[in-house]
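All remarks here apply to the structure that follows.
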Amino acid sequence: MSNGRRDKRGRGGRGDRSEFVENVIDINRVSKVVKGGRRFSFTALVAVGDGEGQVGIGMGKANEVADAIRKGFEAAKKSMHRVATLGSTIPHDILTKSLGSNNPHNMVKATMNGLDRLRTVADVAEERGISVAELLGRKVSEDTTVGSEVLASEPAPTMIPDAEH
């Protein structure tokens with residue numbers, strides 16, 4: 001099943017995972033006390049991206065580590081969000097601060113919250129009532145796409161110019 005088609009049970013083949021970059025963030029062993037002693041299971045926190053601006057996180061629980069990672073991968077694929085990008089980077093600098101507990105689950109949720117709040121260059125230009133080319137001070141060509149606009153392939157600025165100051 002390496003061609004990415006679904007098998008008879010409705011699950012994707014191994015080729016299904018190759019198009020995504022998968023990162024296991026945290027694996028936690030959980031124990032449950034039962035009559036005969038302790039029963040152990042595992043949770044896995046997994047981040048998945050396609051390398052083109054889509055990112056997702058997911059958590060999987062299972063009795064085996066490999067199964068927990070697989071379930072986390074599937075959950076992360078279902079929760080993928082598009083992140084605003086300018087070429088191959090983010091459109092503006094992000095400043096974050098961790099308040100309270102810094103466990104992996106809270107840190108991942110805070111990071112995804114910050115990435116979801118990024119605004120595209122097209123959104124900022126629309127708010128200011130100018131074109132994307134005027135905002136970035138560039139000539140328009142067909143080399144690089146930003147949102148719905150097409151820009152010249154020049155080095156991306158590190159920050160969006162702020163006209164409000």
Side-chain angles (χ1 to χ4, degrees), residues 1-124 126-127 144-151 153 156-160:
M1 287 276 146
S2 64
N3 60 6
R5 293 185 187 156
R6 295 190 175 272
D7 64 9
K8 295 177 199 172
R9 296 172 300 219
R11 297 182 181 132
R14 289 297 286 172
D16 200 25
R17 293 180 102 158
S18 65
E19 63 191 67
F20 298 106
V21 177
E22 173 183 341
N23 186 12
V24 178
I25 298 169
D26 185 48
I27 296 177
N28 189 26
R29 186 178 77 170
V30 180
S31 63
K32 177 181 180 181
V33 178
V34 293
K35 185 177 179 182
R38 289 188 183 131
R39 219 168 259 169
F40 295 105
S41 63
F42 298 90
T43 62
L45 183 62
V46 180
V48 173
D50 66 353
E52 297 178 7
Q54 284 194 330
V55 193
I57 58 168
M59 190 174 78
K61 299 177 185 180
N63 291 331
E64 300 291 328
V65 174
D67 291 337
I69 292 172
R70 181 184 51 77
K71 288 180 179 182
F73 173 78
E74 296 298 326
K77 275 194 337 184
K78 291 178 184 176
S79 73
M80 290 185 85
H81 295 95
R82 173 137 321 263
V83 176
T85 57
L86 177 63
S88 62
T89 187
I90 57 173
H92 52 89
D93 297 339
I94 300 174
L95 177 65
T96 60
K97 183 175 183 179
S98 173
L99 300 173
S101 175
N102 61 350
N103 66 55
H105 293 273
N106 286 347
M107 298 306 290
V108 167
K109 287 178 185 177
T111 302
M112 287 301 293
N113 186 7
L115 290 174
D116 285 341
R117 289 180 172 205
L118 285 175
R119 297 184 301 165
T120 64
V121 175
D123 291 341
V124 174
E126 184 178 328
E127 286 177 13
T144 306
T145 60
V146 176
S148 60
E149 298 285 331
V150 179
L151 303 175
S153 60
T158 57
M159 294 180 61
I160 295 176

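What you are looking at is a predicted structure, and each value in this text was computed from that prediction instead of being measured. FYI, the numbering just counts along the sequence from 1.
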For Arg39, is there any backbone N or O sitting under 3.5 Å from a side-chain donor or acceptor partner on Lys32?
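Not confirmed, Lys32 side chain does not pair with Arg39 backbone.
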Run the side chain to side chain contact (heavy atoms under 4.5 Å, CB included) test against Ser79 and tell me which residues pass, sequence neighbours left out.
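If we apply the side chain to side chain contact (heavy atoms under 4.5 Å, CB included) test to Ser79, skipping adjacent residues, there are no hits.
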Specify the closest pair of heavy atoms between [X] and [Y], including all atoms of both residues, with the distance to one decimal.
X     : Y     : value
Ala84 : Pro91 : O-CD, 3.2 Å
Ala68 : Ala62 : N-CB, 3.5 Å
Gly58 : Ala76 : N-CB, 3.5 Å

Give the table of side-chain donor-acceptor pairs shorter than 3.5 Å for residues 40-54, with sequence neighbours excluded, one pair per line with atom names and distance.
unit_1: Asp50; atom_1: OD1; unit_2: Glu52; atom_2: N; d: 2.9
unit_1: Asp50; atom_1: OD1; unit_2: Gly53; atom_2: N; d: 3.4
unit_1: Asp50; atom_1: OD1; unit_2: Gln54; atom_2: N; d: 3.1

How would you list all residue pairs meeting side chain to side chain donor-acceptor pair (under 3.5 Å) that involve residues 102-117, not counting sequence neighbours?
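Sorted result for residues 102-117: Ser101-Asn103, Asn113-Arg117.
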Out of curiosity, His92 NE2 to Thr120 OG1, how far, rounded to the nearest 0.5 Å?
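Answer for the NE2-OG1 pair, His92 versus Thr120, is 9.0 Å.
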Is the CD atom of Glu64 crowded by more than 12 outside heavy atoms at less than 6.0 Å?
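12 or below, so no.
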Hey, mind stepping through Met107 and Ile25 against side chain to side chain contact (heavy atoms under 4.5 Å, CB included) and telling me if it holds?
CA-CA 10 Å; Met107 298 306 290; Ile25 298 169; over 6 Å; no
Taking 4.0 angstrom as the limit, do Glu74 and Lys77 come out as a salt bridge?
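Yes.
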